[in-house]
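The block underneath contains the structure these notes are about, expressed in structure tokens.
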Amino acid sequence: MVTTINDVKARQLPRSRPWENLDAASLGVPTPPDRSPSPPPQSRHSSTSTTPTILTRQLSSFALIILLYTAAMPFEPFAWMLGRLSGTYLFDRLLGGIILFSAFYFQWRIASLRASVIVHLPALTSDSGTRIQNGRVVKSEGSFTTTPVWVWRTNLYWTFAASEAALLVLAEWGPSETLRRMIVVPIIAGLWAVGFAATPESYKRWAWGHIKAYLFVMVLDELRRVAWSAIGANSGGRRARQARW
């Protein structure tokens, strides 16, 4: 038997091992799912603002605050809604400035947003039942909750800012006082709705503490005015009676 060179090379090569070519799919073993984090989905509505964009919006908010103050003054919301009654001027004096200047802050706060904000409105739930409170069973008639109504997106800022500026110019230089009131009140209400949702809870608590102190001082001043007006009326009445005699 003659051995050739090819037979010698074939004997020197390692034998193939069939189990080395097997994988989990060929054996029917299920592969574990890929748990690597996937990139977030890109949406045309999702937007995050950069620092130069926020700075530009903040500068524009100062111009809108000037326009809002110019168009809103004199700001008497309770007198506008309830008529020229003496009691409405009390609420305008106590709360008018708080409502207006809070809207100024909300204007700046909306311009400073970096992401979208869900706008909530308070709602009274009618769920009644029994619950345990402090170890006692009490009956609940309902409670206040918040209902999401709208999503404010930062990429819509310039559209709303241009619309607000046009409406405020119309309110200030428009032909009617009624038109001015009908424009100013919805704009301030919209700023409150979006800005209140965009303000952190710590800021709200800080502001509420200062508002309570401000209202306390204003109520004391109003009590002083009422007392002095009563004293003046009584002294005037005595002088009138003495003149008649």
Side-chain angles (χ1 to χ4, degrees), residues 45 47-85 88-122 149-204 206-208 210-211 214-215 217-218:
H45 295 297
S47 61
T48 55
S49 301
T50 59
T51 301
T53 304
I54 293 176
L55 181 59
T56 306
R57 293 204 307 251
Q58 288 175 345
L59 292 176
S60 68
S61 68
F62 286 107
L64 291 174
I65 289 172
I66 294 173
L67 274 177
L68 180 58
Y69 181 84
T70 303
M73 294 302 293
F75 184 66
E76 300 172 346
F78 294 94
W80 293 350
M81 293 183 294
L82 302 177
R84 298 289 179 176
L85 302 176
T88 58
Y89 291 104
L90 172 64
F91 289 99
D92 285 332
R93 187 167 180 265
L94 293 177
L95 303 176
I98 297 175
I99 295 173
L100 183 60
F101 278 81
S102 297
F104 296 159
Y105 170 76
F106 292 148
Q107 183 82 69
W108 179 84
R109 189 71 195 180
I110 293 171
S112 304
L113 288 176
R114 294 181 177 270
S116 302
V117 171
I118 301 177
V119 179
H120 294 79
L121 290 181
V149 294
W150 187 43
V151 178
W152 167 266
R153 306 184 188 277
T154 55
N155 55 0
L156 299 177
Y157 173 81
W158 292 110
T159 302
F160 283 89
S163 302
E164 180 184 353
L167 289 174
L168 290 176
V169 169
L170 178 62
E172 174 62 21
W173 288 279
S176 173
E177 172 66 17
T178 304
L179 179 63
R180 181 181 77 90
R181 300 176 183 179
M182 293 176 63
I183 292 176
V184 168
V185 171
I187 287 178
I188 293 179
L191 291 174
W192 263 81
V194 180
F196 192 82
T199 304
E201 289 294 332
S202 59
Y203 287 28
K204 296 176 186 177
W206 177 85
W208 175 237
H210 288 75
I211 288 174
Y214 165 78
L215 289 176
V217 174
M218 294 295 292

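For this chain, numbers begin at 1 and follow the sequence in order.
Nearest heavy atoms, Y157 versus S61: OH-N, 3.8 Å. Across all their heavy atoms, Y203 and R109 have their closest contact at CE2-NH1, 3.7 Å. Shown here for A165 and L64, the closest heavy-atom pair between the two residues is CB-CD2, 3.8 Å. Residues T70 and E172 share a closest heavy-atom pair of O-OE1, 2.8 Å. Between A115 and T154 the shortest heavy-atom distance is O-CG2, 3.4 Å. Contact detail for A103 and I188: the closest heavy-atom pair is CB-CG2, 4.0 Å.
Within the model, atoms CG of L167 and CG of L68 stand 11.5 Å from one another, a figure rounded to the nearest 0.5 Å. Here the straight-line distance linking atom CE of M218 with atom CG of L95 works out to 9.5 Å at 0.5 Å rounding. W158 contributes atom CH2, which lies 3.5 Å from atom OG of S60 (distance to the nearest 0.5 angstrom). Atom CD1 of residue I110 and atom CG of residue L156 lie 12.0 Å apart, to the nearest 0.5 angstrom. In this structure, R153 CZ and T159 OG1 are separated by 13.5 Å, a value rounded to the nearest 0.5 Å. Here the straight-line distance linking atom CZ of F75 with atom CH2 of W80 works out to 6.0 Å at 0.5 Å rounding.
Counting only N and O atoms by type, the side chains of Y105 and T199 include no donor and acceptor under 3.5 Å apart. For the residue pair Q58/S112, the side-chain donor-acceptor check at 3.5 Å is satisfied.
Side-chain atoms of R114 do not come within 3.5 Å of backbone N or O of I54 as any donor-acceptor pair. Although no hydrogens or angles enter the test, the distance criterion places no donor-acceptor pair under 3.5 Å between the side chain of W192 and the main chain of S102. Looking only at distances, no side-chain donor or acceptor of R180 sits under 3.5 Å from a matching main-chain atom of G174.
Inter-residue side-chain proximity for F62 and W108 is flagged as met; some heavy-atom pair is nearer than 4.5 Å. Side-chain contact between E164 and L191: present, with at least one pair of heavy atoms (C-beta onward) separated by less than 4.5 Å. F91 places none of its side-chain heavy atoms less than 4.5 Å from the side chain of L82. With contacts defined as side-chain heavy-atom distances shorter than 4.5 Å, the pair W206/H210 qualifies. The shortest side-chain heavy-atom distance between V194 and F160 does not fall under the 4.5 Å cut-off.
Other residues, nucleotides and ligands place no more than 12 heavy atoms under 6.0 Å from the CE atom of M182.
In terms of the ring-ring contact (aromatic ring centres under 6.0 Å, His included) criterion, residue partners of F101 (sequence neighbours excluded) are, by chain and number, F104.
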